[in-house]
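Encoded as structure tokens, the structure appears first; notes follow it.
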Amino acid sequence: MKNAETPVVKLVLYGAMSSLGSALMAESLRRQHEVIAILDDLTALAPRPGLRAKGGDLFDPDRVKQSVAGSSAVICLLDAADLPGSTTPGQAPDPVNQVRAVDALIEGMQGAGIRRLMLVGEFSVLDNPPSSTSLPHHAAQEILDALRSSALDWTLINAPRGVAGLGIEHFNQVGDSLEPGLAEPLRRLNGVAIGISDELRLNLHLREHVSFIATQPQAAT
């Protein structure tokens, strides 16, 4: 239960069904935030206090505007499978469609007057550019340029390595894995979720590209 002094933080989350999405939902609910998961399948998440599912389309600026209206911040896991509106169910969008998604996200958020965006994806290619032009690098640079040209308060985050099959229940008991071998990925992804949540709370690394360190979840470089 929220006490009278708990600020109302309303987060919109794209990519909620991924392993990092599950970690972020668990951490945000622990902090008594309201979480709105944007999904194609509204029955994919079991009901729980502070969490609700809402339909939307990440690739349509008007639908993005409707989905994010009234929120405090948006977290988009661009490398997640089954992003709402994706034409490749079960897979992360290809680089071209990732650019489309970010363009729609920027336009929709600006239209709704929502400024804070945490964008997670395969952006480590920006740290170590290939010797010859590649589509992933070109797309990542195009995304970064679009963010820089926007009015958003964005943070670009390198995606951590995920693990298939991890749900919100796993992250509610990080210290006691349900299956052998899950302790390390649970701790690592939970640490990234804590780091992202702290970035939002403290308004850190605005308009910067960061990478979270697995062994020190609250640190970023």
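Because the structure is predicted, anything quoted here is derived from the model rather than measured. Note: hydrogens, waters and symmetry copies are ignored here, and every other heavy atom, side chains too, is used.
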* Asked: What pair of heavy atoms forms the shortest contact from Gly21 to Ser18, and how long is it?
  -> N-OG, 3.0 Å
* Leu200 with Val74, same ILVMFWY side-chain cluster at under 4.5 Å -> no
* To do: Might you work through the salt bridge (charged side-chain N to carboxylate O under 4.0 Å, His left out) test for Arg201 and Asp198, ending with a clear yes or no?
  => CA-CA 5 Å; Arg201 180 175 62 87; Asp198 285 346; 3.8 Å; yes
* **Hydrophobic cluster identity match, Leu78 and Leu13, side-chain contacts under 4.5 Å** => no
* Between CD on residue Gln98 and CG on residue Leu83, distance to nearest 0.5 Å -> 8.5 Å
* To do: Test Phe59 against Thr87 for side chain to side chain contact (heavy atoms under 4.5 Å, CB included), laying out the working first.
  => CA-CA 10 Å; Phe59 302 84; Thr87 58; over 6 Å; no
* Provide the closest heavy-atom pair for Gly85 versus Asp57 in the form atom of the first, atom of the second, distance. => CA-OD1, 3.4 Å
* To do: Answer yes or no: is there a side-chain heavy-atom contact under 4.5 Å between Leu204 and Val210?
  => no
* Asked: Is the side chain of Ser19 donor-acceptor paired with the backbone N or O of Leu166 at a distance under 3.5 Å, no angle test?
  -> no
* Side chain of Asn97, backbone of Arg100: donor and acceptor closer than 3.5 Å? -> no
* **Minimum-distance pair of heavy atoms, taken over all atoms of Pro84 and Gly56** => CB-O, 3.5 Å
* Side chains of Gln66 and Asp62, donor plus acceptor under 3.5 Å -> no
* Structure fact -> In terms of heavy-atom contacts, Asn158 and Ser124 come closest through OD1-N, 3.3 Å
* **Ile114 vs Ser71 side-chain heavy atoms within contact, under 4.5 Å** => yes
* Are the side chains of Gln141 and Leu126 in touch, meaning some heavy atoms are under 4.5 Å apart? -> yes
* Structure fact -> Rounded to the nearest 0.5 angstrom, the CE-CG distance for Met17 and Asp41 is 8.0 Å
* Measure the shortest side-chain to side-chain distance between Arg48 and Asn172 over non-hydrogen atoms and say whether it is less than 4.5 angstrom. => yes
* Asked: Side-chain contact, heavy-atom cut-off 4.5 Å: Asp145 with Arg148?
  -> yes
* To do: Verify, without hydrogens or angle tests, whether Asp82 (side chain) and Gly90 (backbone) share a donor-acceptor contact under 3.5 angstrom.
  => yes
* To do: Step by step, work out the salt bridge (charged side-chain N to carboxylate O under 4.0 Å, His left out) result for Arg30 and Glu27.
  => CA-CA 5 Å; Arg30 272 194 290 271; Glu27 179 60 27; 3.0 Å; yes
* Asked: Are any of the side-chain heavy atoms of Trp154 and Leu144 separated by less than 4.5 Å?
  -> yes
* Any side-chain heavy-atom pair of Ser197 and Arg31 under 4.5 Å -> yes
* His138 atom NE2, over 12 foreign heavy atoms within 6.0 Å -> no
* Is the closest side-chain heavy-atom distance between Ser67 and Leu58 below 4.5 Å? -> no
* Asked: Mind checking whether Val99 and Val64 sit in one hydrophobic cluster, side chains of I, L, V, M, F, W, Y counted as touching below 4.5 Å?
  -> yes
* Asked: Is a side-chain donor or acceptor of Gln110 paired with a backbone partner of Ser150 at a separation under 3.5 angstrom?
  -> no
* Any chain of hydrophobic side-chain contacts (each under 4.5 Å) joining Leu20 to Ile157? -> yes
* Output the distance between atom CG (Leu29) and atom CG (Leu24), rounded to the nearest 0.5 Å. => 10.5 Å
* Asked: Within the side chain of Arg116, is there an N or O that forms a donor-acceptor pair under 3.5 Å with the backbone of Ser72?
  -> no
* To do: Indicate, with yes or no, if Leu152 and Leu105 share a hydrophobic cluster defined by side-chain heavy-atom contacts under 4.5 Å among Ile, Leu, Val, Met, Phe, Trp and Tyr.
  => yes
* To do: Carefully, step by step, assess Val120 and Val192 under the rule side chain to side chain contact (heavy atoms under 4.5 Å, CB included).
  => CA-CA 11 Å; Val120 182; Val192 173; over 6 Å; no
* What closest approach, in Å, do Val68 and Ala112 show between heavy atoms, and which atom pair accounts for it? -> CG2-CB, 3.7 Å
* Between Leu77 and Gly15, which heavy-atom pair has the shortest distance, and what is it? -> CD1-O, 3.5 Å
* To do: Measure the CG-NE2 distance between Asp127 and His209 for me, rounded to the nearest 0.5 Å.
  => 4.5 Å
* Measure the spacing between CZ of Arg52 and CD of Glu34 and express it to the nearest 0.5 Å. => 8.0 Å
* Structure fact -> One should read off an interatomic distance between Lys54 NZ and Ile38 CD1, to the nearest 0.5 angstrom, of 5.5 Å
